[in-house]
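Take a look at the structure below.
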There are 2 protein chains.
Amino acid sequence: MTPNGTSMEISQTVEDYLKAIFEESNPPTLASTTAIAERMGVTLASVTSMLKKLAAKTPALVDYRKHHGAKLTPEGTLLALKIIRRHRLLELFLHDVLAFEWDEVHEEADRLEHVISDAFVQRIAIALDDPDWDPHGHPIPSVDLEMPQENTIQLYDLKSGENGVVRWVSDRDPSLLRHLTELGIALGTRLEVRSFSSLDENHTVRLLETGEEVVLGAGITRQIGIQKLD
Amino acid sequence: MTPNGTSMEISQTVEDYLKAIFEESNPPTLASTTAIAERMGVTLASVTSMLKKLAAKTPALVDYRKHHGAKLTPEGTLLALKIIRRHRLLELFLHDVLAFEWDEVHEEADRLEHVISDAFVQRIAIALDDPDWDPHGHPIPSVDLEMPQENTIQLYDLKSGENGVVRWVSDRDPSLLRHLTELGIALGTRLEVRSFSSLDENHTVRLLETGEEVVLGAGITRQIGIQKLD
DNA sequence: TATATAATTTAGAAGGAACTAAATTATATA
DNA sequence: TATATAATTTAGTTCCTTCTAAATTATATA
């Protein structure tokens, strides 16, 4: 019996697809074939055939609309959350216990998440004292797969004059993470938007800890999550 | 470029075969198709076809003699040692850092060994202070893949009246490990052979720490490694 | 040496997941 | 509405690793 109460076999590949669909389908929208293919680094054709397989399983793991994309069913969502919990716990473990840098943990966790046992997950969760956030500030689903709530917006949407604290950073691109470290931006960093240019979508931002000003393009400001300060 | 200086791709399956062949080919003998198949839990036919593939690679990873078995080439041996290093470091890490029992570590390490990065290996090696022995007392190949030397015999071969210290225990069967724990036998346990019955191949052994006497069959005494005490 | 048994190999097929190329459908623009 | 472009799907292969069943070779015994 697998964790979703069925006796279905879930391959590593399927786990990766579920995760990709989860991350790509912001609730209202369906995840498009293209988006999934890009995220997974496979062909459009491969995605189509996998979506058909996932939709054909009993129970179905995705709800697939030909030519329009797919979203997870409740069963698929639980499976996805289970993998995301593993991934994020692993990231934190690698970071806190094995001294990996925050730009290194994602790739390693991506491989480990498919092979560790439930006992391993449980043990690192205990060692880390049942944490809520991973090294990039993303929420870690609890044992019963509830997501800690966050209240953040993209730095991109923070208006001129507004203050905020960095709460999360996308972990997709290690070089972005290294770049932010160099700029002095980390989780918890407080900042104020000094100006925004709609011409090039650049934000000029002042880091409150150091007083330094930096100019950040949309390619960066959309990858940073901010909690607004009054 | 892979660690053996070639640009060969090594699949997880191939890694498992190399490990199995290494463990099954005590230097003089070839590993037989049957032995490999049993160890891997696959069909004889599967082994034959894989041996042919491994022998056909450039460089060849095994030296294969039709109808007689196979042994690793120097290239195959290096790859096998690399995996065995990972496996044993992982076992020790799971045991010492994550509090896994000695009967649990083998299975987990078997899955993890194929996916961890070299950086991961390096970090746990450092965290464990470059150890020589895994939780079952097996030698851990060094960074340059040298095996620490051991000087042990099977408990089976310890004669009546002789003393010894338990130096290793086979990790193939978790239930054996649990059984030994219950009997009070662990690495470092000192003991004396009181008698051996050639009728049923039972050894009667006295544990020097507690004075207790236990009777152990060949199924157990062949799985225990002893360093003789004069 | 003949024969029985055990071990091994060959041949052919299957399942997963990927790919390319061609065909189709959806969307945007004139 | 017609057409161009973009997105998606279909069809057919390929690669890897496994399997079963049949054929062959090696080893042990009479």
Side-chain angles (χ1 to χ4, degrees), chain A residues 2 6-21 24-26 28-58 60-71 76 79 83 110-111 113-115, chain B residues 2 6-21 24-25 29-58 60-71 76 79 83 110-111 113-115:
Chain A
T2 52
T6 74
S7 49
M8 220 182 334
E9 293 296 320
I10 302 292
S11 69
Q12 293 193 189
T13 308
V14 167
E15 290 185 347
D16 278 333
Y17 273 96
L18 293 176
K19 202 168 51 136
I21 297 165
E24 209 54 59
S25 55
N26 305 306
T29 44
L30 297 178
S32 74
T33 305
T34 307
I36 299 167
E38 268 170 15
R39 194 175 274 264
M40 306 255 326
V42 299
T43 280
L44 277 295
S46 305
V47 174
T48 299
S49 93
M50 180 55 88
L51 291 180
K52 282 164 43 170
K53 253 187 284 193
L54 296 179
K57 282 185 185 284
T58 345
L61 298 182
V62 310
D63 184 353
Y64 168 53
R65 313 289 175 70
K66 209 183 259 193
H67 290 284
H68 293 276
K71 67 187 218 297
L79 253 10
I83 301 152
D110 256 354
R111 280 177 278 108
E113 66 190 13
H114 304 295
V115 306
Chain B
T2 53
T6 75
S7 48
M8 220 182 335
E9 294 296 319
I10 302 291
S11 69
Q12 293 193 188
T13 307
V14 168
E15 291 186 347
D16 279 333
Y17 273 95
L18 295 176
K19 201 168 49 137
I21 296 165
E24 209 55 58
S25 56
T29 46
L30 297 178
S32 74
T33 306
T34 307
I36 300 167
E38 268 170 16
R39 196 176 272 266
M40 306 256 325
V42 299
T43 279
L44 277 296
S46 305
V47 174
T48 299
S49 93
M50 180 55 88
L51 290 180
K52 282 162 47 168
K53 252 187 285 190
L54 296 180
K57 283 184 184 285
T58 345
L61 299 182
V62 310
D63 183 352
Y64 168 53
R65 312 288 177 71
K66 210 182 261 194
H67 291 284
H68 294 275
K71 67 186 219 296
L79 287 173
I83 301 152
D110 256 353
R111 280 177 278 109
E113 66 190 15
H114 304 295
V115 306

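Numbered from 1 within each chain, the chains take letters A, B, ... in sequence-line order. All values below were derived from every heavy atom in this structure, side-chain atoms included, with hydrogens, water molecules and symmetry-related copies excluded.
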For the side chain of [X], starting at C-beta, report the closest nucleotide among [options].
X       : options                : result
B/Tyr17 : D/dT18, D/dT9, C/dA17  : D/dT18
B/His68 : D/dA26, C/dA18, D/dT18 : D/dA26
A/Thr43 : C/dA26, C/dC19, D/dA26 : C/dC19
A/Thr13 : C/dA18, D/dT9, C/dT9   : C/dA18

Is the closest side-chain heavy-atom distance between [X] and [Y] below 4.5 Å?
X        : Y       : result
B/Val42  : B/Ile36 : no
A/Met50  : A/Thr13 : yes
B/Ile83  : B/Asp16 : no
B/Arg65  : B/Leu30 : yes
B/Val62  : B/Tyr17 : no
A/Glu113 : A/Lys19 : yes

Rounded off to whole Å, could you give me the [atom1]-to-[atom2] distance for the [X] and [N] pair?
X       : N      : atom1 : atom2 : result
A/Glu24 : D/dA7  : CD    : P     : 14 Å
B/Gln12 : D/dT18 : CD    : P     : 12 Å
A/Lys57 : C/dA17 : NZ    : C1'   : 12 Å
A/Leu54 : C/dG16 : CG    : P     : 13 Å
B/Glu38 : C/dA6  : CD    : C1'   : 13 Å
A/Lys66 : D/dT9  : NZ    : C1'   : 7 Å
A/Glu9  : C/dA17 : CD    : C1'   : 16 Å
A/Arg65 : C/dA26 : CZ    : C1'   : 16 Å

query = Are the side chain of B/Ser25 and the backbone of B/Ile21 linked by a donor-acceptor contact shorter than 3.5 Å?
reply = yes

query = For the side chain of B/Ser32 and the backbone of B/Ala35, is there at least one donor-acceptor N/O pair under 3.5 Å apart?
reply = yes

message = If you take any heavy atom closer than 4.0 Å to DNA chain D, which residues from residues 44-53 of chain A end up in contact?
response = A/Leu44, A/Ala45, A/Thr48, A/Lys52

task = Please name all residues satisfying salt bridge (charged side-chain N to carboxylate O under 4.0 Å, His left out) with B/Glu24, sequence neighbours left out, ordered by chain then number.
result =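 Applying salt bridge (charged side-chain N to carboxylate O under 4.0 Å, His left out) to B/Glu24 gives B/Arg39.
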
query = What stems involve DNA chain C, if each pair must be Watson-Crick or G-U and both of its distances must be under 3.5 Å, with 3 or more such pairs in a row?
reply = C:1-30 with D:1-30

